[in-house]
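Data block below; observations after.
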Amino acid sequence: HIPEEIERLMEERRILRDDVQKTIHHAETTGEKFINPSTDRSLASLRPDRVTYWAEYSLVGEDYHVHSTYSHRMEMKRKGTP
């Protein structure tokens with residue numbers, strides 16, 4: 001579920017629904033996500049190419065509710081990796 005205001009934001013930021021779905025799917029299948037225990041929301045990222053997509057979402061019943069999404073072209077590297 002993506003609220004209308006988030007859909008408008010995605011359109012402005014040129015983020016496709018498919019990119020958000022892939023980000024959530026990646027997080028849920030790999031467990032690679034941050035969880036805010038006070039809100040029970042998850043924050044996940046996916047970098048399929050040169051753009052990193054982020055999605056803040058929660059699971060309500062069997063549906064994923066998207067609360068926010070954004071993207072950036074910055075690359076995060078871990079210490080000691082090329």
Residue pair Glu28 / Tyr57, side-chain heavy-atom distance below 4.5 Å: yes
Does Asp40 have more than 12 heavy atoms from other residues, nucleotides or ligands lying within 6.0 Å of its CG? no
How about Tyr64 and Gln21: do any of their side-chain heavy atoms sit closer than 4.5 Å? no
Shortest non-hydrogen contact between Arg41 and Ser58, atoms and distance: CG-CB, 4.2 Å
Residue list, side-chain hydrogen bond (donor to acceptor under 3.5 Å, both in side chains) with Glu62, at least two apart or on another chain: none
Side-chain contact, heavy-atom cut-off 4.5 Å: Ile24 with Val66? yes
Heavy-atom pair of closest approach, residues Val51 and Ser71: CG1-CB, 3.7 Å
Search all heavy atoms of Lys33 against all heavy atoms of Ile35 and return the closest pair with its distance. CE-CD1, 4.0 Å
Shared hydrophobic cluster for Leu59 and Ile2 (ILVMFWY, side-chain gaps under 4.5 Å): yes
SB check Arg8 Glu4 (cutoff 4.0 Å): yes
Would you say that Ser42 contacts Glu56 through its side chain, given a criterion of any heavy-atom pair below 4.5 Å between the two side chains? no
Candidate pair Asp19 and Thr69, rule side chain to side chain contact (heavy atoms under 4.5 Å, CB included), full reasoning: CA-CA 10 Å; Asp19 295 325; Thr69 184; over 6 Å; no
Heavy-atom distance under 4.5 Å between the side chains of Arg17 and Glu7, does that happen here? yes
Nearest-0.5 Å distance that lies between atom OH in Tyr53 and atom CD1 in Ile15: 7.5 Å
State, with a plain yes or no, whether a side-chain heavy atom of Thr23 is found less than 4.5 Å away from one of Trp54. no
How long is the straight-line distance from CG of Leu46 back to NE2 of His26, given to the nearest 0.5 Å? 5.5 Å
Please report the shortest heavy-atom distance between Val20 and Met10, naming the atom on each side. CG2-CE, 3.7 Å
As an exercise, state the distance from CD1 of Ile6 to CZ of Arg13, rounded to the nearest 0.5 Å. 8.0 Å
